[in-house]
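Computed from a predicted model, the values in this text were never measured in an experiment. If you read the sequence from its start, that first residue is 1, and numbering goes on from there.
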Amino acid sequence: MNEERIKQLKEIEKNAQSLYEAAVQEAQRLPQQAETEARDLLKTSHSKAQAEAERILSAAKDQSEDDQMIKQAEEDAKRKEALAMNHFDRAVNYVLHRVAGRQ
């Protein structure tokens, strides 16, 4: 019976050693895996942040271009209004002279 017990103990020790070695390998693998996953996550986050920054800059540029176009249109409208007022004044003076000349 002692021999049977010794065999069982050796088998248990062998299993324990296998479990220990597997645990050591897992312990060595986990930091590498975590580092790889962290790098991948950083790359993904960086790419997303860069894309979002480009989207925001593009929207700001579009808004800036829109603002510039509106400003230009307002300036054009003011110039045309001033020109129209000038023509209007000349037309009124012309009509007044014509009416005064006929009366």
Side-chain angles (χ1 to χ4, degrees):
M1 193 75 115
N2 267 346
E3 221 174 275
E4 187 63 33
R5 285 272 198 217
I6 292 173
K7 264 186 170 178
Q8 286 177 344
L9 282 173
K10 284 187 177 186
E11 188 64 31
I12 290 171
E13 284 179 352
K14 183 179 175 185
N15 287 339
Q17 184 65 30
S18 292
L19 289 173
Y20 173 77
E21 288 171 2
V24 167
Q25 287 178 347
E26 183 72 8
Q28 290 172 346
R29 186 186 63 78
L30 285 176
Q32 292 170 347
Q33 180 183 353
E35 188 175 332
T36 300
E37 289 175 1
R39 271 196 217 115
D40 291 345
L41 183 59
L42 281 172
K43 285 180 187 176
T44 301
S45 297
H46 184 268
S47 295
K48 286 180 181 178
Q50 188 171 7
E52 181 67 10
E54 288 172 2
R55 185 193 66 76
I56 290 170
L57 287 173
S58 177
K61 181 181 176 190
D62 290 346
Q63 181 64 41
S64 176
E65 289 174 355
D66 290 348
D67 291 346
Q68 183 63 31
M69 288 173 59
I70 289 170
K71 183 179 177 184
Q72 184 65 41
E74 288 172 348
E75 289 173 1
D76 288 346
K78 286 179 184 176
R79 276 194 301 276
K80 288 177 182 178
E81 183 179 0
L83 185 61
M85 287 306 292
N86 184 27
H87 288 299
F88 180 76
D89 288 343
R90 288 176 58 200
V92 168
N93 284 333
Y94 175 78
V95 170
L96 288 175
H97 282 41
R98 295 290 288 183
V99 169
R102 288 194 176 176
Q103 289 184 352

* **Pairs meeting criterion side chain to side chain donor-acceptor pair (under 3.5 Å) with involvement of residues 77-90, two or more places apart** =>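 Matches after skipping sequence neighbours: D76-R79.
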Roughly how far, to the nearest 0.5 Å, is the [atom2] atom of [Y] from the [atom1] atom of [X]?
X   : Y   : atom1 : atom2 : result
K61 : Q63 : NZ    : CD    : 14.0 Å
E26 : L19 : CD    : CG    : 12.5 Å
L9  : N2  : CG    : CG    : 10.0 Å

* To do: Report the residues that fulfil side-chain hydrogen bond (donor to acceptor under 3.5 Å, both in side chains) with Q8, sequence neighbours left out, ordered by chain and then residue number.
  =>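 So Q8 forms no side-chain hydrogen bond (donor to acceptor under 3.5 Å, both in side chains) with any residue.
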* Asked: Regarding E37 and Q33, is there a side-chain donor-to-acceptor distance under 3.5 Å anywhere?
  -> yes
* Asked: Hey, are Q25 and E21 close enough side-chain-wise for a donor-acceptor pair under 3.5 Å?
  ->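 Side-chain D/A pair, E21 to Q25: absent.
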* Asked: Applying the 4.5 Å side-chain criterion to the ILVMFWY set and letting contacts propagate, would L96 and F88 be lumped into a single cluster?
  -> yes
Distance-only donor-acceptor hits, side chain of residues 43-57, under 3.5 Å, sequence neighbours excluded:
unit_1, atom_1, unit_2, atom_2, d
T44, OG1, D40, O, 3.0
S45, OG, L41, O, 2.9
S47, OG, K43, O, 3.0
E52, OE1, R55, NE, 3.2
E52, OE2, R55, NH2, 2.6

